Every structure is written in C-alpha cells, then in structure tokens.
*Asks:* 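Structure in structure tokens, see below.
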Amino acid sequence: MTELAKHYDHRAAQARCRTLWDAARAWHAEAPPAGSPPGRVFSLVIPPPNVTGALHLGHALNTTLQDILVRTRRMQGYRTLWMPGTDHAGIATQAVVERRLLEEEKLSRHDLGREALVTRIWAWKEQYEKRILGQLRDLGCSCDWDRVRFTLDEQCGAAVRTAFFQLFRQGLVRRGKRLVNWDTFLQTAVSDDEVFHEEVKGHFWHIRYSCVDPRPGEPASVTVATTRPETLLGDTAVAVHPAPAAALDAVEHELRTKRALAASKELPAIDAALDDIAERRRDLLPLLETLAAMARAGRQVRLPLLDRGIPLVADEWAKPELGSGCVKITPAHDPNDYEVGLRQRLPMVNILNPDGTLNAAAGTYSGLTIRKARERVVADLEANGQLERVEDRLIELAHSDRSKTPIEPYLADQWFIQMAEIAQPAIDAVASGRIRIVPERYAKGYLDWLSEKRDWPVSRQLWWGHRIPIWHVAGVAEIDLAAAFAGHATVAWRSDEAGGWFVCSSDETLPRDTVAGQPLIHDPDVLDTWFSSALWPHSTLGWPAATPELAAFYPTSTLVTSRDILTLWVARMVIMGVFDTGQIPFHEVSIHPKILDRYGETMSKSKGNGVDPVDVIETLGADALRFALAGLATETQDVRMPVEFQCPACGHLLEQTTANRTKPRLDCPKCGQPFRTQWAASEADLALPRGPAVSEKFEAGRNFSNKLWNATRFVLMSLDGRPGEPLPALDTPALELADRWLVSRLASVCREARQAIDDYRYAELARVLYGFAWDEFCSAYLELSKPRLADPAHRDQARGMLLVGLDTILRLLHPIMPFVTEEIWQQLRTVAGGRRMPWDDPCGPLPDSIMTARWPEPPADWIDERTERQFGSFLAVVGAIREIRARQNVPPRTRLLAVIKAPLPVAELLEPMLPAIQGMAVVDVTAIGPDACGSPGAATATAAGCEVFVDLADFVDIAAEIARLEKDNAKTEGFIESKRKKLADEKFAARAPEAVVAKERAQLAELEDRLGKGQATLAELKARPANDSATGG
RNA sequence: GGGCAGCUAGCUCAGUUGGUUAGAGCGCCACGUUCACACCGUGGAGGUCACAGGUUCGAGUCCUGUGCUGCCCACCA
C-alpha cells in the first residue's frame, strides 16, 4: 500500500529533482558530429542577466517562459539547447562597485588604479554570477549547465575582437569628436539609452550681449535666454534666423491649418499663439531683420564676462517665435548648438574637465564646479548689469541612468560604428518576416529605431569591459607599418588624420615595440557593453571558430525578452549576427510583459517595491512561482502584481504601500511583532526576523501543486499496490462513456496546449491545463471513478484510465511545473513504472525522468464532440440538483428523489449517465424523458434544456422558494421581452443569418416554456399552507 | 510634440473572425470535515465592459472623438 503524505513538500521535491536532473545531465545538448544531420533542433540563448546583482521577479518571468519552451521542445523530441550565461554589464557593474568603494572605503577608482579596480569587479562578478546561476537552478531552469558563458570571458572576447576588427577593416569604425552624454561621476560617455530625463526646478536667465560698434539704427545689445548660464563661457556665436519674416509666416500658416482642424477646446490656446505671432511681427520683427542683416554682414557681439568678440550668425536654429528670437551658441556643450557649430564652421570651445570642473578655457572660472561656476557667473552678470531678468522654470534635466547624476553634454573623442550600411539587413529581416516578432505590434518600434540608422557610439571611458582592440602609433610612415605587420592577416590600420595611425587587430595584444622606433599605445577605452551582448547568439556557440555547435544550433530558434531592450539589444543582435555570420541570429522573438507593482510602477530594487523570487521559492515552491508567472504572461504590455509583507510571527499579510516599502522595519498590525525588511541596516533591525515580500498570486500555484499531489495520492491508493498496467486500449468504441469523454478531452487539451505554446500564449497554456486538471479531471472524472473502483467488474478499467489521465496531465504540465510533476513521476514509477502510453516507445523502458518523456500527441480522431456535449449536459444537471440542495439547505448526505424532464435527444444523452448523476448529486432519479413530471411542489431548476424537479417533501422552505421563483420569473420575463422585440424587428429577420434567427426563436420558445413552468410552480406553492420549517426534520 | 498599449466583478486578468443571459483565479457570503486534498468541497452574491458619438438587424469586440494610466521616442534657447 502506497500512501503519500497529505501535502506536497516542495522543498524536498526540489532538492531531489535537481539531484536527479544533474546526475543525468538531462539538460545537456550535444551537437551532432560534423557531417551528420542534426535532426529537429530547438535552441535558445538566455538574455544574460547582469552581474550587478541578484535576479528579480522580471528575470524569473523571463526565464520561466524560456524554460516552458525548452522543456516542451525537448519532450517533443527536438535536439534542444538552452545556452545560459551572464553579462558583465560594463558601466552598471563598475558603477555599483565604485559606489561601494566610495561608501565603505572613501576611495575613488583613481585611488585604486585600473588593475586593482578590475580585480575588485571580478570578485564581485564571481560572487553574483554564482548567486544568479544558483537562482536559475532554484527556478528549475533546464539550461545546459555544461556551457555557461560570460560576456567578458575568453571565448566572447575573441568574438568581440574579431567582430570589431572586421568592422574596422571595412571602414565602418570611425573616430571623431562628438558631443556625448558625459557622466561626470563615472567620467565616461554614456549612450542616449543610458540617460533618463527628470524634471527639476530651475531658472531661465535672460542675458544681454552687447553689440560690437553698433551703427545708427542698430541695437546696442541682443538678449538671449538660457537655463545654463555658465555655458556662455563656451559660447562661440549668437544666432538669429536668416529670414525671420518668412519663418513667422510659416509658423502662422501652420497654426492656422491646425486651427481649422482643431476641436473647440483647443482654440483658445491656438488663438493665443496667433496673437503672440502678430505681436512679434509688430514689436520684434524689425529688430530681428536688422540682426539678420548684421549677421550677413559678419558683425559681432561681445561675450559677457570674458569680453570676447563672437560672431552673430544667421541660422535657422534660432526661432523668431520663441524667446527673444536670438539664441546663444555653445557648440561643445549642447547637441543643437553643436549642429549649428558644424553648419557655421564655428570654433568649439570645451570648457569642462572630465570631472565636471571648468577648465582653462573658462578663464577666471577655471577649477570651479559647474554649480559654483553658475552662481559666480550669475552674480557677475548681475553686477555688470547684463542680467535682464530671471524666470522660474521647470527643466527636463538629463541624468545618467548609471550614476544618477546630471549629464553634461561634452565634446570628446569617441569611437563610432557607422550603421547606415549594416542596419539595412536587420531592417529587411523583420520587414520581410524572416524574423517574426510576437506580438507583432512591437515590430514597428524595432523598424522605426533602426531606420534612423544613427551611428553607434561604442567607446566608454571605463575600466571594466572589452578593451577596444586599437593601438595608436605616431611618427611612422605607412611603409613602416606594412613592414612591421607583413603577413599578419589579423591587423589593419588607418591614418588618424593627425599624422599618426590607428592600428586594429583581432589579436589579444600587440607588442608595444612591434613598429620599429615608435611605441604602440593600446587605446585605454573599453567597448559599450551592448557590443558583446550583440554577439551573444553566435559568440556563445563558438564563433569565429566553425564549431559543431555553431553549425547545429545557429541560427537559434527563439529569443524571449521584454520589450524595453528590443532596440538596445535585439536590433543590435540582428545587425551583428548578420554582419558576422551572414545569417539572422533567431527566427522568432517572443516579447513578454513587464511586472509592475500595485501602483503601476516598475519593480526595482532601489524603489523597494519588488518581490524576491527566492522568498516565493522557499515559502510556496518554484512551481507555484512559475505557474503564477506563466499565468500572467498575456499579450498585454504590463501586468500588475500587488505585493504584501508577510509577518514572520503570525503570517499576517500587510499591504505594501509607497509609505512602508522603504522602511527598514515594520510592526505587524495584527500581532504587533516587529520584523525587518530588505532595507534593514542597523544591528537592532537586522536582529529581527525577516518579513518576506510576497504576493497572494503565488498561492494559486501552490494550491494547484497540492491538488496534483493529492490526485496522485488518490490514484495510488486506488491501485492499492498493484501495478496499473497494461493500460486500457484508448481507441476502441467499447470504452465506457466516462472514459470516452476523458480520451476525447485529453486529445482536445493536448491540441490546445500545443497551439498555445506554438503561439507563445503562456497564460492560456496555464489556464487550459489548470481548468482541465482541476475541474474536469479531479472534480468530475475522479469523482466518477469512485463507484467504479468499488465495483470489481469495472475496477481494473477505472484504475488504468486514472493512470492515463494523470500521466498525460503530468506531461502537459511539466514545462510549467517541473518539480511537482517530476516528483509524482518518480512516485508512479514504483507502482506503475511499466505503463506505456500510445506515444511512448512500446518496447523501451519508460524514461527515468519526465524531462525526457514524450510529449503526448493523441490522434485528432480521439476527439468526440458528441460525448463532450453529453458530458456538458450531465455536469449541468448535476449542478442544477446541487443548486436546489444548497438553496434549501439539504444536508449533503440526505438522498433525495429527482425527476428530469428532458427533450428526447437530451434524455438519450443523459440516460447512460444516470448512475453518475445519482452518485454525484446524491439523488435517486425516478423518471427521465420528455413526459417526466415532477411531483407537485417539487423544487425546480433548469439546465441544459432540461427541467429538474427535486422532491424535497418536508425540506422545502416555501417562503424562500416563492421569493426565489418570483425573482427568477421576473428575470425570465425580461429576457423574453428583449427576445420578442428582437424577433419582431423586420430588419433582423431580413438581414441576420437564418441560423441566428432560428437560434433566437428556439431560445424564445425555451424561455417561454421556462416561464410557464415557473409560474405554475409558483401558483402551486402559493396555494400550499405555509411551512415554517426550512429544513424539515 | 510623435508613437504604442491599457481602461471588463473589490483585486489581478481572460474574452479568438461582431451573434444566447460577458468568464477565471483570489477575495467576500452561506453550508459542509471519519470521503485524495480545508493548500479542500458545494452553492451564492458581485459587472451600464472608462465616457460620448457612429457603423450594423445586432457592438465588450469595428470606426471617430474625449478622459485617465503606463511605456517608448524626440525635445525648444
């Protein structure tokens, strides 16, 4: 006699399964030997988590979905590889380590030096890589653990250098002064994607620049406005529009066009704008025309404070409709001004040092921080009477995502990759459908972004990352280089336009003294972290070497990611994949939602609104977490996950709010006991027990695991220690009705599950399997099997069929809930290890692990719609009787008498089900058929086109029944009225399809019939003497 | 400013090409523990499908507009 524990123990099961899978290396994929056909292949690379910190719920979602795909395909017989690994995450990781260094040791990276800092970051990486890989294993991810990669490891490094070298050789790598987003804290350029904008309170300073030697009729000064007065130290021009009148005309025309189409509500704003234009035309235009003429004449204005003459230039960047119509131009510190500078060939004066202080170009202000310089500049302007006025204003200020400090636009030498040429194949791949993005709507963002083909700035002034494989050498002739690198196919060079050379090589190092007479200096910069990420699908498979893995698994099948890195990562992977290998990196991209908190904010560590996956895995189990996450993965953009703190003392759930989510300790409102949160830092707080952040969402998954466990418990008890095999034949018409139904439902559900996975509809997969396992298999089929198990004539068949159902459910659920299904699979081995499903190898052994069991593939002709309908009617009738019992408070075990009045076709379907009805509803059915008739005063209910009468004798609470019937009848009358109205409408009769009209008529008839019955019963009840005993007795 | 998405039960979400009386899980209410499972069972209550128009015989579903929420892109001195 096998008897399982009453509850599923997820902790023990997780440990056992992990041991089992690891011992068998069931997650490993071997490339076939060169030359032999790989067969059906499914491959996937993990979006490598950053080694900045531990995994959060978003990673858990991402990897769960991947594991669902991977486990399914593996069971379906594909040669399946899931490549795991982590990302060095350049800036992010260096920033984290630097910040800690500063906080804990008060040291900057310059105090430590390059080598020592990098050593520290490697130590950090080792710690978090271990943690991350452990978390992935805890989640049950069936990655190929023999192939773990890291974006900064040797293999990826070789790919990075080779890819960069080939870009260089094709002339796609350029060096140039560019205005970059300068992070003064980290002292590096960051890309546009690493910048976020935040509104801060600021001012708008109006500054007067005097004109040099004004002639009669010319103004003595021009006024410009700025939010950053200190930048005037780097001004090299003041701009005015070359044709201000025409520009105002254009603006006015645009406004009038807009006005013609605008809603009345918008009119006041537009009219105000038009008034403003008119006013400017009157008051400002003459001045602007004069200034434009002065600009054409090459006149100058005097830069305040530095007393430098700078040209007045005519440039369309100056908008006559805004401000004073004139704008100061600081080409080295403003993106738009930079463009003007290029157009007007202006000098570009950089006034900043890398650390954000002002340099010598700022004259007497040099050495000051930007903040101090601003104060001084403003004070000096005021003292000189050159500050016209100051406005308060909210300013969208750019901040570095990495250091959270304000970004300074900064002119610096940077490396760029030209995108124009290499982006096109990536556009074509998605536009042509060779890469399919699911859901499709995300393709637009990808295409829009790529079509801009903006150059990619790839250099970072950091120490953590792939060193740019470029060396500088000066003072030699090309012939010297040719001599030095004769026979080196892995070296290329180009003039640096300052008389020196850039030498690029895919070799790891070039000796310093390679070129006679002059040293080779390695470029100090490292590459943008996305450069190595862009190579991930092919670099992890061994490129540039022609490995068997690359041949077998590239292109990969699917990429699973969230929408926020569609451009940063996905697009660049396509670009570089095609550039390096000539092939797209993946065929499909599955985009999944992001998880938000109850306020719709993204979860993040710094906000403190997250859930730690480990908390869920420990308290409710990895399967519970996975099931919940899969259920949330719908096709919408985001999903919300309200979070609670669980009191470690009493288990009470405390809603997480904006107010309490960053507190280091909280007091349980129920038991009063304090507990600590992730923010606990003080010794006193750390001594308290931890109150994990959880969500009730995960409980459904835990309950489901337990339901499966207990269904298994029932099946094993019913087998009573005997092997439940061989299994019954499933494709024979001789099956009993319930079994035919089960077989049909299994076939339907397998088909739905397969389709859901093929379409990346993870939530639907979870929902279909949950509903089938719980409501149909456990609540219906399993209940029905109880009387059959008690009957020796049916016992063996019932046992076998229970195994068939359970086995199939386990296999279908395994990709979502690997642990509980594996644990049950192991339990079944002892008693039913000899069972073979039709899709199993009939001769070979049943696989040791469910991981390698075959995915169920029942033939389509198992689906029997008539039987499924029949079962639907049966369950509806059972429900109707139960409803009557419940509303009359009949004790559960009291057997009642029932009559089912059913039209002939339904009666025929139901008749074979009578024993089941009698068992599940605890009634004796005394009559069934079109003429069956309930005893007077019986309680009634309708279901599946039948009317069910339950003779309650003394049980009936007449008053309650009358009230219910009156309500019910009124409702029915309402429906009848609406149906009649619909059918009376000539247009409906004329235009609706005949089938719809017929259906409406049938429904009306049924409703009228129901109302007639209801009214009759009501009349009869009212005629009876009142009975004040609700439950009889 | 441009674009994308969302708004359906108290909460989180389904709702496939328009066609009965719009569903699930959780929560809530009532009843029920010698029954595989109280991490359970049975039943119930709860919705003007954000709002306003339109198309249609018929709209949660299609169209237009409005409001609110979130995200992406660009950004005005």
Side-chain angles (χ1 to χ4, degrees), chain A residues 3-4 6-8 192 197 204-206 224-228 239 263 265 317-319 321-330 334-337 396 439 441-442 444-445 448-449 452 563-564 566-567 594 596 598-602 620 624 628 631-632 634 636-642 695-697 699-700 702-718 761 763-764 767 770-771 775 778-779 782-783 786 879 882-887 889-893 971-972 974-975 978-979 982 985-993 995-997 999-1000 1002-1004 1006-1007:
Chain A
E3 181 152 343
L4 305 182
K6 257 184 146 180
H7 286 191
Y8 167 60
D192 289 346
H197 293 263
F204 209 35
W205 284 275
H206 297 255
V224 298
T226 180
T227 54
R228 301 171 61 216
K265 209 182 115 173
W317 168 240
K319 309 285 185 215
E321 71 274 19
L322 291 173
S324 67
C326 296
V327 58
K328 65 195 264 315
I329 302 297
T330 322
D334 181 278
N336 294 303
D337 293 4
E396 287 277 312
R441 64 174 183 275
Y442 292 111
K444 189 178 172 347
D448 287 351
W449 187 83
E452 292 184 26
R563 66 195 149 74
D564 44 356
L566 193 62
T567 52
K594 299 193 66 157
L596 310 177
R598 79 175 68 238
Y599 303 104
E601 296 180 38
T602 54
L620 299 171
L632 288 170
T634 61
T636 51
Q637 291 211 123
D638 302 312
V639 291
R640 288 190 195 212
M641 165 100 53
S695 169
E696 59 179 23
K697 288 257 161 205
E699 280 171 33
R702 188 270 312 262
N703 295 351
F704 189 35
S705 300
N706 197 54
K707 190 73 179 177
L708 294 171
W709 181 255
N710 273 288
T712 306
R713 190 164 176 258
F714 174 80
V715 171
L716 289 178
M717 287 167 90
S718 77
R761 295 165 70 113
E764 182 169 292
R767 194 165 44 83
Y770 181 90
D775 298 335
C778 290
S779 295
L782 210 137
E783 288 304 321
K786 286 177 181 173
R882 283 172 169 173
E883 183 197 327
I884 293 169
R885 302 182 66 105
R887 73 186 186 227
N889 272 328
V890 179
R893 291 190 199 297
K971 212 167 155 188
T972 310
F975 291 138
S978 81
K979 292 273 177 222
K982 196 168 183 182
D985 187 338
E986 285 172 21
K987 287 181 186 164
F988 175 70
R991 298 190 200 179
V996 172
V997 179
K999 213 163 154 190
E1000 289 291 322
Q1003 282 159 8
L1004 177 61
E1006 192 193 318
L1007 285 166

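Source: prediction; values computed, not measured.
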*Asks:* Taking salt bridge (charged side-chain N to carboxylate O under 4.0 Å, His left out) as the definition, give me every residue that meets it alongside A:Arg640, ordered by chain and number, with sequence neighbours left out.
*Replies:*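 Salt bridge (charged side-chain N to carboxylate O under 4.0 Å, His left out) check on A:Arg640 returns nothing, list empty.
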*Asks:* In chain order, what residues pass the ring pair (Phe, Tyr, Trp, His ring centres under 6.0 Å) check against A:Phe704, with sequence neighbours excluded?
*Replies:* A:Phe627, A:Tyr770
*Asks:* Could you work out, with side chain to side chain contact (heavy atoms under 4.5 Å, CB included) as the rule, every residue matching A:Pro439, not counting sequence neighbours?
*Replies:*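 Partners of A:Pro439 under the side chain to side chain contact (heavy atoms under 4.5 Å, CB included) test: A:Arg441, A:Tyr442, A:Ile591, A:Glu635.
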*Asks:* Considering every strand and a 4.0 Å limit on heavy-atom distances, what is the contact class for A:Leu782: base, sugar-phosphate, or nothing?
*Replies:* base
*Asks:* Which residues pass the side chain to side chain contact (heavy atoms under 4.5 Å, CB included) test with A:Ala624, not counting sequence neighbours?
*Replies:*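 A:Ala624 satisfies side chain to side chain contact (heavy atoms under 4.5 Å, CB included) with A:Leu620, A:Arg702 once adjacent residues are dropped.
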*Asks:* What residues, two or more places apart in sequence or in another chain, satisfy side chain to side chain contact (heavy atoms under 4.5 Å, CB included) together with A:Ser695?
*Replies:*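 Applying side chain to side chain contact (heavy atoms under 4.5 Å, CB included) to A:Ser695 gives A:Met641, A:Lys697, A:Phe698.
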*Asks:* Between the protein and nucleotides 11-13 of chain B, list the N/O to N/O atom pairs that are separated by less than 3.5 angstrom.
*Replies:*
| residue | atom | partner | partner atom | Å |
| --- | --- | --- | --- | --- |
| B:U12 | O3' | A:Arg640 | N | 3.4 |
| B:U12 | O3' | A:Arg640 | O | 3.2 |
| B:U12 | O2' | A:Lys697 | NZ | 2.5 |
| B:C13 | OP1 | A:Arg640 | N | 2.2 |

*Asks:* Which protein N or O atoms sit under 3.5 Å from an N or O of nucleotides 19-22 of chain B?
*Replies:*
| residue | atom | partner | partner atom | Å |
| --- | --- | --- | --- | --- |
| B:U20 | O3' | A:Lys979 | NZ | 3.2 |
| B:U20 | N1 | A:Gln1003 | NE2 | 3.3 |
| B:U20 | O2 | A:Gln1003 | OE1 | 3.4 |
| B:U20 | O2 | A:Gln1003 | NE2 | 2.6 |
| B:U20 | N3 | A:Gln1003 | NE2 | 3.4 |
| B:U21 | OP1 | A:Lys979 | NZ | 3.1 |
| B:U21 | O4 | A:Arg1010 | NH2 | 2.7 |

*Asks:* RNA chain B: A:Ser324 or A:Phe714, which has the more 5' nearest nucleotide?
*Replies:*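 Result of the comparison: A:Phe714.
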*Asks:* What pairs with A:Glu699 under salt bridge (charged side-chain N to carboxylate O under 4.0 Å, His left out), at least two apart in sequence or on another chain?
*Replies:*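 A:Glu699 satisfies salt bridge (charged side-chain N to carboxylate O under 4.0 Å, His left out) with no other residue.
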*Asks:* So A:Ala711, base contact, sugar-phosphate only, or nothing? Heavy-atom distance under 4.0 Å.
*Replies:* base
*Asks:* Would you list the protein and nucleotides 38-41 of chain B atom pairs, both N or O, that sit under 3.5 Å from each other?
*Replies:*
| residue | atom | partner | partner atom | Å |
| --- | --- | --- | --- | --- |
| B:C39 | O4' | A:Asn703 | OD1 | 3.2 |
| B:C39 | O2' | A:Asn706 | ND2 | 2.9 |
| B:C39 | O2 | A:Arg702 | NE | 3.2 |
| B:C39 | N4 | A:His7 | ND1 | 2.9 |
| B:C40 | OP1 | A:Asn703 | ND2 | 3.4 |
| B:C40 | O3' | A:Lys707 | NZ | 3.2 |
| B:G41 | OP1 | A:Lys707 | NZ | 3.1 |
| B:G41 | OP1 | A:Trp774 | NE1 | 2.6 |

*Asks:* Would you mind reading off the distance between A:Arg885 atom CZ and B:A30 atom C1', rounded to a whole angstrom?
*Replies:* 16 Å
*Asks:* Test of understanding: with side chain to side chain contact (heavy atoms under 4.5 Å, CB included), list the residues that count as partners of A:Asp448, not counting sequence neighbours.
*Replies:*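 Per chain and number, A:Asp448 pairs via side chain to side chain contact (heavy atoms under 4.5 Å, CB included) with A:Lys444.
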*Asks:* Let me check I have this right: for RNA chain B, each base becomes ., (, ), [, ] or |, based on Watson-Crick or G-U pairs with both distances under 3.5 Å. What is the full string?
*Replies:* (((((((..((((.....[...)))).(((((.......))))).....(((((..]....))))))))))))....
*Asks:* Kindly point out which of B:A5, B:G25, B:G44 is positioned nearest to the side chain of A:Arg441?
*Replies:*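 Selected nucleotide (nearest to the side chain): B:A5.
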*Asks:* With RNA chain B as reference, determine whether A:Arg767 or A:Lys328 sits nearer its 5' end, using the nearest nucleotide of each.
*Replies:*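 Taking each residue's closest nucleotide, the earlier one in sequence belongs to A:Arg767.
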*Asks:* If the condition is salt bridge (charged side-chain N to carboxylate O under 4.0 Å, His left out), which residues does A:Glu883 pass it with, not counting sequence neighbours?
*Replies:* A:Arg887
*Asks:* How is A:Ala239 classified with respect to the nucleic acid when contacts are heavy atoms under 4.0 Å: base, sugar-phosphate, or nothing?
*Replies:* nothing
